[in-house]
Amino acid sequence: MPRFDDADFGADLTEARSHGDGSPNTATIPGDGRRDSEVVEVPATRSSIGDASQFMHYLSLSPSMRDRRGSRNSFGTSLPIPRSPRSPRASRTRLSSVVTTDDREGISAAVSREILASQLQDMAKEKVEAAKNMAFAFDIDGVLAHGNHLIPEAREALKMLNGDNELGIKIPYILLTNGGGKTEESRCDQLSEILGVPISTDQFIQSHTPMSALSEYYETVLVVGGEGFKSRDAAEAYGFKHVYTPKDILAWDPTISPWRHFAEEDRVGARPTDFSKVKFDAILVFADSRDYATDMQIIMDLLLAEDGQLLTRAKDPISSRIPIYFSHGDMVMPTDHKGPPRMTQGAFRIGVEAMYKSLTGVELGRVIYGKPELATYKYADEVLMAWMEEIHNEARIPENIYMIGDNPASDIIGGNMYNWNTCLVRTGVFQGKEGENDPNSPASMGTFNHVLDAVKAGVRKELGKEFKFKWNEKVNPVLHGEGISAVE
């Protein structure tokens, strides 16, 4: 075997050691401490700069107000949404199941409070109208909670909006999240427990809620992401007739994914069938993948298949490709991890895009829902109007809406583009210093330490700086007229 040494490579090796290919991003090996007798350095034949850029989708960059880029979808892309939210009757049932109690004294106190609040509101009609003409839209992760852990100020903020204020009035709010992966009912049960306040399904929108409209277009779908088979439950609740998951396909043919993660409990819940005879109409990514290798492999198989049929390869994968939808485009999300935010569905999507382009040479046509897409905010209008009818018997959209979020690239830019007031909190993705706004997509109301500060800022803007954020149990409407504070 021939022996190589530095002299055989001359100046090239010296250049590679010190500068690589001249780029500041070049990866180099340490120049000190090398023992020549034990290490042989061979110059690379490829650049040390990553080659991902040639496979990147031209829409993969994050939305930015500064760069005038507010969407990850191609211009003219249509995103179907439901014509109206779920029925108000379902909302009333959902709320009653949360707040019903056998404690008669508690019920009596609540009724007395409602009577007192009603009398007080009759004497403060101007403030009442202002309170009904405002609303809040909250992101969840990084604003109200970190995973399953409550952000302490969130409970006080929501209690105040639920009526723990000087008028005893409910100020409407909805939860607007890019999270997902389970039914709305299941998520609201979970949130009600975490937040300590009742959350109705009719004041809640997760990333794939508007995607329920796609059930009008597709019958047989592959649903990707989420824990176990919970995303399948959500898709079936939306009305899709034939819903399958990658684990169903694994149960049919484990060899489809060489690096699969398939436990015995997965086999129990799976619904295997002969997928060589199933024609998929669309791919729906509802939540974060728990098995990147399997999910990406099966997605790629279907995108390259003949009309969505596994074990086939299309002669022209472009014309026969089935559509793929992603429920949101966020790259990172806050969790209970103490370090930087964690990668989320947007990173998975970019991986799929890059794979598809590397295999076909063309960009992957795809549709992305969630914030900051216009469709999500249009649907939020419908939900807000229905919620206003539920709590105030007025089917209208409040004029002054406040979006409170932690992610400038989704919460803030989306709210800004939809002419909502926007508040950026520092308890999630955004970690700027106090008083420092996001340079690319600044919040119109500025930044806040936490959600309670943001809520108070919005309420004071609409109802006055002296508005009190606690209900006074000792208030007597007969003795307190217009302009008299209900808090001692």
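Bear in mind the structure is a predicted one, so any value in this text is a computation, not a measurement. Note that these values count all heavy atoms, side chains included, but never hydrogens, waters or copies made by symmetry.
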> Less than 3.5 Å apart, any donor N or O on the side chain of Ser276 or Gln309 sitting next to an acceptor on the other?
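No - no donor-acceptor pair under 3.5 Å links their side chains.
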> Run the numbers on Asp248 and Arg271 for salt bridge (charged side-chain N to carboxylate O under 4.0 Å, His left out), then give the verdict.
CA-CA 5 Å; Asp248 297 325; Arg271 299 175 184 172; 5.8 Å; no
> Looking just at side-chain N and O atoms, do Tyr325 and His208 make a donor-acceptor pair shorter than 3.5 Å?
no
> What do you reckon, are the aromatic ring centroids of Phe55 and Tyr356 less than 6.0 Å apart?
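They do not qualify: ring centres at least 6.0 Å apart.
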> Between the side chains of Arg187 and Asp189, is the shortest nitrogen-to-carboxylate-oxygen separation below 4.0 Å, so that they form an ion pair?
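Salt bridge flag = no for Arg187 with Asp189.
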> Under a 3.5 Å cutoff, is there a donor and acceptor pairing between the side chains of Glu353 and Tyr58?
no
> Ion pair present between Lys159 and Glu156, side-chain N to carboxylate O less than 4.0 angstrom?
no
> Report yes or no: do Gln345 and Asp330 form a side-chain donor-acceptor pair below 3.5 Å?
no
> Could you tell me if Arg426 and Thr447 have a donor-acceptor pair between their side chains, going purely by distance under 3.5 Å?
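Yes, because at least one side-chain N or O of Thr447 sits under 3.5 Å from a partner of the opposite role on Arg426.
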> Using the ring-ring contact (aromatic ring centres under 6.0 Å, His included) rule, collect all pairs that involve residues 393-428, keeping only residues at least two apart or in two chains.
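Residue pairs with at least one partner in residues 393-428: Phe136-Tyr402, Tyr377-Tyr418, Tyr377-Trp420, Tyr418-Trp420.
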> Do NZ/NE/NH1/NH2 and the carboxylate oxygens of Lys470 and Asp164 come within less than 4.0 Å?
yes
> Do Thr422 and Asp411 make a side-chain contact, defined as non-hydrogen atoms from C-beta onward lying under 4.5 Å apart?
no
> Is the number of heavy atoms from other residues, nucleotides or ligands under 6.0 Å of Arg313 CZ greater than 12?
yes
> For Phe240 and Leu214, run side-chain contact (heavy atoms from CB on, under 4.5 Å): C-alpha distance rounded to whole Å, both residues' side-chain angles, the deciding distance at 0.1 Å, then the answer.
CA-CA 8 Å; Phe240 292 98; Leu214 296 175; 3.8 Å; yes
> Verify the distance criterion only: is there a donor paired with an acceptor across the side chains of Ser319 and Asp316 at less than 3.5 Å?
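Their side chains do contain a donor-acceptor pair, which is all the 3.5 Å distance test asks for.
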> For the residue pair Ser200 and Asp202, confirm or rule out a side-chain donor-acceptor distance under 3.5 Å.
no
> Locate the shortest heavy-atom distance separating Pro172 from Met134; write the atom from each residue and the value.
CG-O, 3.3 Å
> Would you say that more than 12 heavy atoms from the other residues, nucleotides or ligands in this model lie under 6.0 Å from the CE of Met300, or not?
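Yes, enclosed.
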> Just checking, any donor-acceptor pair under 3.5 angstrom between side chains of Asp288 and Thr344?
yes
> Can you establish whether the number of heavy atoms outside Glu399 located under 6.0 Å from its atom CD is more than 12?
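For Glu399, atom CD is not crowded (no more than 12 foreign heavy atoms under 6.0 Å).
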> If every non-hydrogen atom of Ala305 is compared with every non-hydrogen atom of Ala314, which pair is closest and at what distance?
O-CB, 3.4 Å
> Do Pro341 and Met333 have side chains that approach each other closer than 4.5 Å (heavy atoms only, starting at C-beta)?
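Side chain of Pro341 against side chain of Met333, heavy atoms only: no contact under 4.5 Å found.
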> When you look at Glu394 and Lys170, which way does the salt bridge (charged side-chain N to carboxylate O under 4.0 Å, His left out) test go after all the steps?
CA-CA 13 Å; Glu394 298 179 18; Lys170 292 182 178 179; over 6 Å; no
> If you measure from the Lys or Arg side-chain nitrogens to the Asp or Glu carboxylate oxygens, is any gap between Lys378 and Glu382 under 4.0 Å?
no
> Can you name the salt bridge (charged side-chain N to carboxylate O under 4.0 Å, His left out) partners of Asp438, sequence neighbours left out?
none
> With a 4.0 Å cut-off, would you call Glu227 and Lys182 a salt bridge?
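The answer is no: the pair does not qualify as a salt bridge.
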> If you compare all heavy atoms of Ile205 against all heavy atoms of Ile174, which two are closest, and at what distance to 0.1 Å?
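For Ile205 versus Ile174, the nearest heavy atoms are CD1-CD1, 4.3 Å.
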> Taking NZ, NE, NH1 and NH2 as the nitrogens, is one of them in Arg321 or Asp307 under 4.0 Å from a carboxylate oxygen of the other?
no
> Under the 3.5 angstrom rule, does the side chain of Ser64 hit a backbone N or O of Arg69 as a donor-acceptor pair?
no
> So does Gln431 have more than 12 non-hydrogen atoms from other groups sitting under 6.0 Å from CD?
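Enclosed: over 12 neighbouring heavy atoms sit under 6.0 Å from CD of Gln431.
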> Between Lys371 and Asp139, is the closest basic N to carboxylate O distance under 4.0 Å?
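Salt bridge present between Asp139 and Lys371.
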> Heavy atoms only: give me the nearest Ala454-Cys423 pair and the separation to one decimal.
CB-CB, 3.9 Å
> Does the side chain of Gln297 come under 3.5 Å of the side chain of Asp301 through a donor N or O and an acceptor N or O?
yes
> Ignoring hydrogens and angles, tell me if any N or O in the side chain of Asp253 forms a donor-acceptor pair with the backbone of Thr255 under 3.5 Å.
yes
> Compute whether any side-chain donor of one residue and acceptor of the other, for Tyr369 and Tyr379, lie under 3.5 angstrom apart.
no
> Which heavy atom in Asp295 sits nearest to a heavy atom in Ser289, and how many Å separate them?
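Heavy atoms only, the tightest pair is OD2-OG, 2.6 Å.
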> Sequence neighbours left out, what passes side chain to side chain contact (heavy atoms under 4.5 Å, CB included) with Leu59? Give chain and number order.
His57, Ser74, Arg366
